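As the structure is a computational prediction, the values presented were derived from the model and not from experiment.
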Amino acid sequence: MAYKKWIIADVDKEKASALSEQFNIDPFIALMLISRGIESSAEVANFLASSYDFSDPFLFYDMERAVSAIEEAVDYGEKITVFGDYDCDGVTSTVLLYTLLKDMGADVDYYIPSRLNEGYGMNKAAIDKINENGTKLIITVDNGISAIEEAEYIYSLGMRLVVTDHHQIGETLPKAEAVVNPHRTENEIEFRDYAGVGVAFKLACAVYGDTEDMLYQFADLVALGTISDVMPLVDENRAFVKAGIKLINSGSRIGIEALKKAAGAGDKKLTATDIAFTLCPRINATGRVDDAARAVELLICENEEDAAFKADQINIDNAHRQEIEQNIFDDVMLQIAENPDLAKNRVIVVCGKDYHMGVVGIVAAKVLEEYGKPTIILTEEDGLAMGSARSIDGFNIYEAISACSDMLDHFGGHPKAAGLGLPIADVDAFRMRINEYAVSAYPVMPVQSIQVDFKISPRFLNVELVDALSVLEPFGEANRNASFALMNLRVLSVTPMGNGKHIRLECEKKGKTFKISKFRCTVEDFPFAAGDFIDVVVKVSKNLYNGREYLSLQAADLKRHGNDDDRYFAEKEEYELFVLHKNNSENVLPSREDCSVVYKFLRQKKGWHYGFDELYFALNSVTYGKLKFALEAFSECNLIEYNEDDINICDVSAKVDLMNTPVIKKLKGRLNLE
């Protein structure tokens, strides 16, 4: 995984102490509120409140017109079609509005386009099918704001349209009876970061006339869609999710209860984090690899036996999605191994054959996590390279792709995620262009980071702290799970757990010993041993064993104590700009002495199997660029067998002249040092 920069919040302890006294809350909770920018008395009171005053849905512009159009269609017995989307937000939006209209006695059905065959949003072929079924009013959920041509086509066929959407608005609005969107400037609302299901819920409240009743019926659906779409869990979203979690854990919806059981969480009280990693991916998976309408059918199901069958099928879809995803990820990593220059670019662009379009976005996110760089994964399809992009905080991938728009067949998205298509023949040119943009627009590239609430002494970590943290839930976007930095811990032991797939560290500081779990890491892959000193970012929870509650610490990130992060990222940037021919720094040319230091260390360690970054920090004496090129020189002389993760020492009897290797001679020539 890419090395991350730790951003530890600078907390005003005096202000936190005052808040702790004013609201009678745990001092650590007050510190965390301050670290997250929740400082004023009003903000704290609102955040900690057990109830919430929701805004009037009619503060949305066009809401009254939307309600009138729906009521007219219901009163006249006209057929209504809810036009949804294939992701979890679109599915839950569809279920919510379909269920409400069904309960009102409306003649209603729903339509969800195929991700693979139709793509996102409305299309004329789908509109024709809906028209043939006798529909008079189409209501979009989680889409429609950009359907300008499709809206005109709907009216040309004699149908009407109501648009509800949460995506950004273009220069032109679609023709419709009403366009309900939180980003309209005419709205009188303060909070605007709703998911599509949040907008559908506000419409339901306006139609029904009572928010509390709607929460009781639909908060579970709103929570699922809001969490899945990674919307900020603040303001109304926070209230939606808090209410929704209660419903989900009460077993009130047969389909959700069946999905919990299929996911192996039937008896567990789920948190927002649990929901994000168990229920949401399964609902999304069906839209990725099959037909999202199956997820709708599950959520509207009223028979336990049918629900169990449907949930099992969706679970199979999710397993299939995971298999497809892993195969594509393995192929992408193989391409990068065979062409390391792909990962040296500021933006990684990889194109493959027969990649499943439904999962390339997930793969892009995994590659980003691996290399810490914006990533675009494309697949060849009918002469086009189609795919998805994911980015890190601080690098706007949508703007980067927009800068190459003249090369593209289509594109769209957000600062951290986007989709695009271009002729296959132009992929290499696109890769070059977007990286040229990245160099010019970002003189210093943003780096992947991890947010930490504050440093903490191990003596303050206990079950009582975990209990106190519960007032901050639900955790999610804009209200991340609590994380603490434990500094300068001495490792006492490293033992395997979970059939060797994970490890448990026993650590000590100032006489206090404790255990930390690190998942998805084996003993063999762990670069530290007893006696080493490390820093760890931990997340805390509690486990129940033999009737007693115990503190559980999980490592979110971990590094050697004393690492100089600023030096590392500066030298890495210097090296990558050199590789891209954007500087001619001599700080990347290894000397004989540098090579000797590196090689002696590798001989002493009998190779290295913990990745390049850890080697850099273990040496702590050779610059990033010098180490990169020294390893290339060793490889050219057959002193080592080398890839990013493993270095094996080779048996060499003859003397070698490292300064005459092709890579060193090329460096000297470029720097005019020969």
Side-chain angles (χ1 to χ4, degrees), residues 1-13 16 19-20 25-39 47-48 227 230 232-234 238 241 271-277 365 368-369 372 392-394 446-489 491 502-505 507 509 512 514-521 528 533-543 550-561 563 565:
M1 294 295 176
Y3 189 81
K4 297 181 179 68
K5 185 179 183 67
W6 292 8
I7 301 176
I8 302 175
D10 185 16
V11 182
D12 186 331
K13 294 182 180 178
L19 276 184
S20 176
I25 55 176
D26 187 286
F28 283 114
I29 301 304
L31 282 169
M32 291 186 65
L33 291 171
I34 296 292
S35 78
R36 292 157 188 246
I38 303 169
E39 300 186 1
F47 189 86
L48 297 178
I227 292 169
V230 200
L233 297 192
V234 297
R238 177 173 167 80
V241 172
T271 65
T273 304
D274 296 328
I275 290 166
F277 285 98
L368 179 151
E369 185 69 18
I392 57 176
D393 286 328
V447 299
Q448 202 171 18
S449 61
I450 181 168
Q451 301 287 331
V452 183
D453 285 295
F454 46 80
K455 298 177 185 177
I456 195 170
S457 169
R459 64 192 179 94
F460 293 116
L461 294 175
N462 50 47
V463 170
E464 288 72 25
L465 175 60
V466 179
D467 291 334
L469 289 171
S470 64
V471 303
L472 300 177
E473 293 183 357
F475 294 117
E477 184 71 7
N479 186 41
R480 67 185 184 281
N481 210 323
S483 60
F484 308 105
L486 294 168
M487 312 298 288
N488 199 21
L489 309 180
V491 178
H502 319 294
I503 58 173
R504 180 178 287 112
L505 311 177
C507 299
K509 183 175 182 179
K512 181 176 175 60
F514 47 92
K515 293 181 172 64
I516 302 173
S517 300
K518 180 169 176 55
F519 296 106
R520 292 176 292 280
C521 178
F528 307 111
F533 287 85
I534 61 175
D535 300 334
V536 188
V537 174
V538 296
K539 297 186 184 298
V540 299
S541 59
K542 59 185 181 181
N543 289 332
Y550 294 88
L551 177 71
S552 174
L553 302 177
Q554 303 89 38
D557 202 23
L558 183 152
K559 60 186 179 183
R560 184 183 303 271
H561 179 66
N563 283 2
D565 287 0

Exercise. Which atom names give the shortest non-hydrogen contact between Ala30 and Ala16, and what distance separates them?
Worked result: CB-O, 3.2 Å

Exercise. Got a second to check how far Ile25's CD1 is from Leu19's CG, nearest 0.5 Å?
Worked result: 6.0 Å

For this session: Would you indicate whether the side-chain heavy atoms of Lys559 and Asp565 approach each other to under 4.5 Å?
Result: yes

Exercise. Given side chains that start at C-beta, do those of Leu469 and Val540 come closer than 4.5 Å, heavy atoms only?
Worked result: yes

Exercise. CZ of Phe47 to CD1 of Ile38: how many Å apart, nearest 0.5 Å?
Worked result: 4.0 Å

Exercise. Are any non-hydrogen side-chain atoms of Val463 and Tyr550 less than 4.5 angstrom apart?
Worked result: no

Exercise. Is any side-chain heavy atom of Val471 less than 4.5 Å from a side-chain heavy atom of Leu48?
Worked result: yes

Seminar exercise, completed: Of all heavy-atom pairs linking Lys518 and Ala555, the shortest is CB-CB, 4.2 Å

Exercise. Is the closest side-chain heavy-atom distance between Tyr3 and Asn563 below 4.5 Å?
Worked result: yes

Exercise. Would Arg560 count as a cation-pi partner of Phe533, with NZ or CZ less than 6.0 Å from the six-membered ring centre and within 45° of the ring normal?
Worked result: no

Problem set entry | side chain to side chain contact (heavy atoms under 4.5 Å, CB included) partner of Glu464, chosen from Leu461, Asn462, Val466 | Asn462

For this session: Would you indicate whether the side-chain heavy atoms of Phe514 and Leu489 approach each other to under 4.5 Å?
Result: yes

Exercise. For Leu486 and Ser457, which heavy atoms make the closest approach, and how far apart are they?
Worked result: CD2-C, 4.3 Å

For this session: Show your working on side-chain contact (heavy atoms from CB on, under 4.5 Å) between Thr273 and Asn481 and close with a plain yes or no.
Result: CA-CA 8 Å; Thr273 304; Asn481 210 323; 3.9 Å; yes

For this session: Taking atom NZ of Lys542 as the centre, report whether more than 12 heavy atoms of other residues, nucleotides or ligands fall under 6.0 Å from it.
Result: yes

Problem set entry | Atom pair CZ (Arg520) and NE2 (His502), whose distance is rounded to the nearest 0.5 Å | 7.5 Å

Seminar exercise, completed: d(Ile392 CD1, Lys4 NZ) to nearest 0.5 Å is 11.5 Å

For this session: For atom NZ of Lys5, decide whether the heavy atoms of other residues, nucleotides or ligands shown that lie under 6.0 angstrom number more than 12.
Result: yes

For this session: Look at Arg36 together with Asp453 and state whether they make a salt bridge at an N to O cut-off of under 4.0 Å.
Result: yes

Exercise. How many angstroms lie between CD1 in Ile275 and CD1 in Ile227, if you round to the nearest 0.5 Å?
Worked result: 4.5 Å

Problem set entry | Minimum heavy-atom distance Leu233-Pro474, with the two atoms named | CD1-O, 4.0 Å

Seminar exercise, completed: Of all heavy-atom pairs linking Asp26 and Phe28, the shortest is OD1-N, 2.7 Å

Problem set entry | Heavy-atom neighbours of Phe277 CZ exceed 12 at 6.0 Å | no

Problem set entry | Min side-chain heavy-atom separation Gln451-Trp6 under 4.5 Å | no

Seminar exercise, completed: CG of Leu551 to OG of Ser541, rounded to nearest 0.5 Å, is 7.5 Å

For this session: Looking only at non-hydrogen atoms, find the nearest pair between Ala485 and Val452 and report the distance.
Result: N-CG1, 3.6 Å

Exercise. Any side-chain heavy atom of Asn479 within less than 4.5 Å of one from Arg238?
Worked result: yes

Exercise. Looking at Lys539, Met32, Lys455, which one forms a side chain to side chain contact (heavy atoms under 4.5 Å, CB included) with Phe484?
Worked result: Met32

